[in-house]
Amino acid sequence: MPQECLRIEHICKAYSEGVVAIQDACLVVQQGEIHGLLGENGAGKSTFSKIISGQIKPDSGLFELMGKPVHPQSATEAAQIGIVRLQKHSGLVPSLTVEENILLGHEKGFLRPLPRKQMRSEIAALLKEFAMDPGPADLAQHLTAEDALETEVLKAYYAGAHLIILDEPASYFSVAQTQELFALLRKVAAKGVAILYVSNQVDEMLELCDNITVLVDGITTKTVPAWAAAAQQMKHDMEHEGMAYQVSCPPAHLGDTVLKVRGLSTFRDKTHPVLNNVSFSIRSGEILALVGKPGSGIKEICEVVAGLVPAVTGQVLLYDDDILGESVRGVRDFGVSFLISNPQRTGVVPSLSIQENLLPYQYTNPEYRNHGFLDKEKLKEEADRLIKEYDIRCISGQENAGTLSTSSAQKLLAAREFSNEPVLLVAYQPTAYTGDSAAAFLKKKLIELRDEGTAILLVPTDWREFSTLADSVVVLHQGSVAACIHGVQGNEDLNPYINGQARMSNEELEAVCFE
Amino acid sequence: MQTEMLQSVVGSIFSNQYLSSVIFIGIYLMLLSLGVLVGRRAGIFFLAVEGVMSVSATAGYYFDGFLRAKLLGGAQEGSAAYEAVVGKANTLGWLGGVFAGLLAGLLFTLLFCALLLYSRANELILGFAMNTLAFAISGFAFNLADRADSTSFVLPAPLPAISVPTIQEIPVLGGLFGTMSWSLPFAIAAPFVVFYLLNKTDFGLRMRAAQENHAALIDAGISVEKLQLKGMMFAGVLASLGGIVIALAGQVKDFTIMPRGEGYLALVAVWASAGRMGKSMLAVLLLALVSALSPALAGVFNQTPLLQALLYVAALGGMLLHSYNERNRHRARLRFQRLLLSGEETVEKRRLRWHKKKK
Amino acid sequence: MNKIKRKVPPGVQSRLAAGFLTLLFCLLCVVIFEPQKGRALYSFFIEPFSSASQIGGLISMATPAIFIALGVSLMFQCRKYSFASIGAFMLSSALVTMFLLRGNEKPNWYLIPVALLIGILAGALVGMLPALLSYKSKIHVALSSLLVNYLVLQLTSYLLISHMQDFSQGEITSFQIPQRMWLAEFWPALGLRWGTLLAIVATIVLYLLLYRGKTGYGIRMVGASEATANYVGLSAGAIALVSQLMGGALAGLGGAIEMMGIQPRYQWNETFPFITLVGILAAVLVDYNPIWVPVSTLFLSYLWKGAQLLYADTDFPVYLGLAAAAVMVLVLFALRQVVVADELRRFGRWVIRVAKAIGRGLQRLWRKLRASLQGARAEARETAAKKPSHAAKKEEQQQDGGVQ
C-alpha cells in the first residue's frame, strides 16, 4: 500500500484586485505516482503549482506533505522539505558539468574539498541506472533542452525530493524526446517519488499519468484514473462555459501583398539555428496564423519582423522596403505595430501611470504638444477614450499601471497597438491572460482591423482563436516551414505537421508561399 | 640632453625602488581584486570595495597608532622608558591594527550586504554612498588624530619585516626580497586559497550558481541571500586585508587617507577580464607597473599629476580592449553562422580543424 | 481628507525620519568626540541660521550642488548611474578659472557668457565620455565614469599647478578671479548672486522637461524599463546619451557659477570636492524628482555648513558634514525595509507616548504652581486692596481658559 505523499484540501487564493485565481482546489498524490494536472490556459494551473511549491502563499486550506501539515514560505523552503518545481527556464548552472549540477543540492561540508573520484563514480552509476544520454563531465550549457530537463529531474531525485512538479515540460520537445522524458519519469516514480505533471495536452497525460485531476476556473472538478478516461471526454471536461461568446468572422477581402519574408534564419546559440530558411507572405486584409509548438520558432519570427531580434540572413520586405536590420523605431515608423510582449515582463511599465503606458505614440507625436509642452488635456482625453473603449478597469488613467490586473494590462497593450492605425500588425497570443468576454472583444477588434485592410500576423492563443480568426496558416516545425495553407476553414487537422510527422514538399510550399 | 633624460628614466625604472613599489602596489591591488572576484561570484558588483578598503586601512592605521601611543605612554624616543616598552608596543600595535582593520572592514561589508540583500537598495548608488561614508570616516579619523597629542596618538608600527639571510646575499633579488614584509608570503598564497575555495569546494560550486542562475540554488533548497552574504563576508576579508596592506605594509609615514580609486582599479581588473582569475591577476600586474611609475619618475618629470593620470587612462584602455575583443568574437560568430546556413561549413568540420590546431 | 493625503509625496515621512535620525547622529558624534560640548552644539546646529549673511552663505553654498543634483536626477531617472558629474564640475571650474584669469583686458559682457559656455561645454564633454563608452562599447557606465573622474582630477591638478597657481598663498590654490568678473548680486542683504536665481530657474525648467516634455517622457520610460522603451520604439541609446550629456552640462554650469563669486579661487583637491558628493547624495534623497532637489540640497548644505563652522570654532573634524549626508542616504535605504521601518515606527510611538507623559506631568506641575501662585497673589491682593480691579479679573479668566 503506497503512502500518501501530498494532500491538499480546499486551497483558495485571491489576488489583490479581487480576481480569484484558485477558488477551491483539492489534490491527493501518492508516493510513486505520476499525477496529471489538466486544465486550459488560464485555468489556474500555474498558480496552483506555485502554491504547492511555496512561491505563492494560499489564503486558506489544508496542505500536508507525507502526513504532516507544512507551510512553506518560499520556494527555497519548499525545496528543503522536498517539493521541487522545475521552472520553465533551465535551473542548471551553465558553466558547471552535469555531475556538479547534480551534486549542488547535496548537503556536504562547507569548505571541504569535493571528493572528485567518488563523486564521478557515484554520478556515473546514477546516470547509467537511469539511461541518460549525457556523461557526468559534459558542461550543462552544451546540453539540449530535453537533456537539461532530465538532469534537473535527476538532481531533484538525488537531493531526496518527495514531490517533483513539472510545468508543461513537453511542449518544447519532439515526439521522440518526449518519449525519453516519459521513460525517465516512470523510472524516477518507480523509486517512490511522486511526480505532478502539469499540462493542457490530454494525449500526453493519458499516456504518462496514473491519475488525472482536472482544473477548471480554479476549481478541481474531478480526479480520474488514466485507464478509465477517454480523450474526448477529458477535452470536454476541461472546457469551461465560454462558448457563449461566439465571434463570427466574415470572409476576408484580400488586397496587395504587404509583408514578404524570404529565407529568414536566426540562431538560438552559436551552432543551433532556431529559424531555418523561413519564407511566407501576407496580403492586406488577411490574417495569417503562425502555428507550431513553443520553441519551434514562432515567437522568433514575430520578434525578427518587429526588429527586436537581429537575424543572421534573409529578407523581410514591407511593400518592397527591406525592414530587416532596422531598429524597432525604424520598423514602427514603417507602420508596423506589434503585440508580442508579456504584460508582466516588458509590455507595461508598472512604475509609470496607465496613461503614460497607453500613449507612447501620442507622447512622441507633435500634434499632442502645446507650446512645446505636452498637451495634458488632449492626452487625457485620448487616454480616457481608449480606457473606455477597451474597458480597462482602473480608477483613473493617472494611477500607476502596477495596479492593473493582468487581464486589464493585456487590454492596455492591445489598445496601444491597435489604435496606432497599423499597416501590419504582429499579434503574438493577443488574448492570453484575458477572460472570455475580453477575449471575444479583442477578437472582434482584430477582425475590424483586418477589414480595414491591415495585414495581421497572428500567433493564436488557443485553437478556438485559430479556428475563428485565421484566413491562412503557416505551420512551423523546429524552425522550418512544415505546411502553408491558404483559405483555412478552421477545422483542418494540423497535428501531423506540428509534431513533425508530416511535411509539405518543397515544390508544394514554393507554389503556395511565392505567389 | 634627451639621451641623458632617457638614461635617467631607464635608470629609475630598473631601480630597486621602482620594483619594490610595483610589488607593494601589486599586493594590495591583487587582494582587492580577489575580493571583487569573489563578490562577482556571489553575483554582486562590489562597488563598495573602495569603501571597505579605506575603512579597514583607516581603522588599522589609527588603532595601531592609538594602541602604540597608549603603550608608550608618552615616553620620549631614546629614553630608557621608551626602550623598555617599544618592542612590546610595536608588536601589540601592528597586531591590534590588523585586527581592528579586519573587524572594521567586515562590519562595513556586513552593512553593505544588509542594505543590499535585505533592503534591496540599488547596488551602485548604495556602493557610492558607502564609499562616501568611508571617505568621511577616514577624514574624520585623520582630523581627530591631527589634533591629538603624543599620549593618544603616535606614528603606528608597520607590519614587521622578515629577513631571509640566504636571499639577502643574492645580488639583485637580495635587495628586493631579502627584507620583505609579512604581507608578501600571504599575498602569494591568497590567489591559491581563493582558487581552491572557488573551484574545489562545495561552497565554490554554489557560488557559481549564485553568479549564473539563482533558480539552481532555489531548486536545491539553498537560500540565495545567505549564500551571497557568506561569499561577501569572504570578499570583505580580502578587501580589508588589501586596506591593511596599504596602511601598514608600506612606508607608514607616506600613508594618506585619500583614496586614489584603488578599489575601482581592482573592479576594472576583474571586469575587463570577464572574471577570469589568471587574466585579472595579469591586469593587476599591468596596473601596478603603470601605477608605480609616478613615484619612481617623480624625480625626472615634475608633472606627477600627468603620470598619475596615465594610470586611469590605462584602466580605461584595458576596458576598451576587452569590449573590442568581445565585439570581434561576436562578428566571428555571425560569419560562422552564415557559413553554416549556406552549407559551406559544418560543426564537425570546425571541430576537426580545432583539434588540428591544438596538435 | 484623501485629497490632502495625496498632495504629500509618498515617502515624505521616511525622509523626515531619516533627516531626524541624521541630526541625532551628528549630535551623538559631537557629544562623543568634542570636549567643549555647548559651544560645539551651538556652532553646528544654530550658527548657520544666526545671521542673514550666514543664511545667504548657506544658500550660495548649495547653489552649485543644486546644479549637480539636477544633472544627477536626469541621469539616474534614466537609470544610467554615471558619476561623471564630479569630473564635469571639476573640469569646468578649472577651465573657467583659467579663462577668466587670462581675460584681463576683455569686457564683462564678453567674459561672463563665454565663461558660462565653457563651463557647460566642459561639463558636457566629461558627461559624454562614459556615456559614449557604454553606448559604443558596452562598458560599465558607473565604473568608467569614476575612472574618468580620477582622470579629470589629475588633469585639473596639472592645470592648477603648472598654469595658475598663486604661490603667495599657504595652500595650493589659484589666483583669485577679479571681482568685476563675478556674477552680480540680486539680493545684497543675503549676498545672493544671480547664479542662485539661475538654479531655481533650472529646477523649474528641469521639472517641466521631465514631467511635461517628450524628452522627459522618454527618459522616464527608459529608466523604468529599457526593454519596454525599446519595444515601443523609443531609441533608448540616444535618450541615454542625451540625458548624460545634459547631466554633465548642468554639473559644468554649476562649476562655472561656483567660480564666479561663490568660491573665486580654484583650490587643489586631493580627492573629489565635497560639494559634488553632497550634490549626488541630495539627488538620491529625493528619488530624482527635480522639484524637491533644492530642499534636500539645502538640508545637506546646512549639515555641511554647520560642520564648517564647527571646524572653524573648535577644530572638530569637518568631515562630519559629509558623513552625515552619506548616513542620511543609508538610513533612507534601511527604512525601506519593512522590519526596520516598523521598529522605528514603534520607537516613534514610544517617544511620543513618553513625551506626552512628560507633558502631562509638566502640565500638572504648572497647574499646581499656578494655583499656589494665584493663592499667594490673592492673599497679597486681599491685603493690598479690598476690591480686585475688573481688568485683573478678566485676565485671570482668560488664563484659566487658555490652560484648559
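Per chain, numbering begins at 1; letters A, B, ... match sequence-line order.
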Handout entry: C:F186 atom CZ, neighbour heavy-atom count above 12 within 6.0 Å
Key = yes
Problem - A:Q73, CD: over 12 other non-hydrogen atoms inside 6.0 angstrom - result: yes
Fill in the blank from the handout: Between C:G233 and A:R332 the two heavy atoms that sit nearest each other are N-NE, 4.0 Å
Exercise for the section: Name the region of A:S327, side chain, backbone, both or neither, that has any atom closer than 4.5 Å to a heavy atom of chain C. Expected result: neither
Completion exercise
One should read off an interatomic distance between C:M221 CE and A:N357 CG, to the nearest 0.5 angstrom, of 5.5 Å
Exercise for the section: Count the heavy atoms of every other residue, nucleotide or ligand shown that sit under 6.0 Å from NZ of A:K378, and state whether that count exceeds 12. Expected result: yes
Handout entry: Which of A:G307, A:S351, A:P360 touches chain C most, by non-hydrogen pairs under 4.5 Å
Key = A:P360
Problem - Contacting region of A:Y368 [heavy-atom separation from chain C under 4.5 Å] - result: neither
Handout entry: Neighbour count above 12 (heavy atom, 6.0 Å) for A:K380 NZ
Key = no
Exercise for the section: Count the heavy atoms belonging to other residues, nucleotides or ligands that lie under 6.0 Å from CD of A:E421, then report whether that count exceeds 12. Expected result: no
Completion exercise
To the nearest 0.5 Å, atom CZ of A:F373 lies from atom CG of C:L209 at 8.5 Å
Practice task
Answer with side chain, backbone, both or neither: which region of C:Y217 has an atom nearer than 4.5 Å to a non-hydrogen atom of chain A?
Solution key: side chain
Practice task
Measure the spacing between CD1 of A:I340 and OH of C:Y231 and express it to the nearest 0.5 Å.
Solution key: 5.5 Å
Handout entry: Reference residue C:S225; test side chain to side chain contact (heavy atoms under 4.5 Å, CB included); the match among A:L352, A:V349, A:V348
Key = A:V349
Exercise for the section: For C:L16, look at atom CG and say whether over 12 heavy atoms of other residues, nucleotides or ligands are found less than 6.0 Å away. Expected result: yes
Fill in the blank from the handout: Taking every heavy atom of A:Y361 against every heavy atom of C:V232, the minimum-distance pair comes out as CE2-O, 3.3 Å
Problem - Heavy atoms of other groups near C:Y135 OH, more than 12 under 6.0 Å - result: no
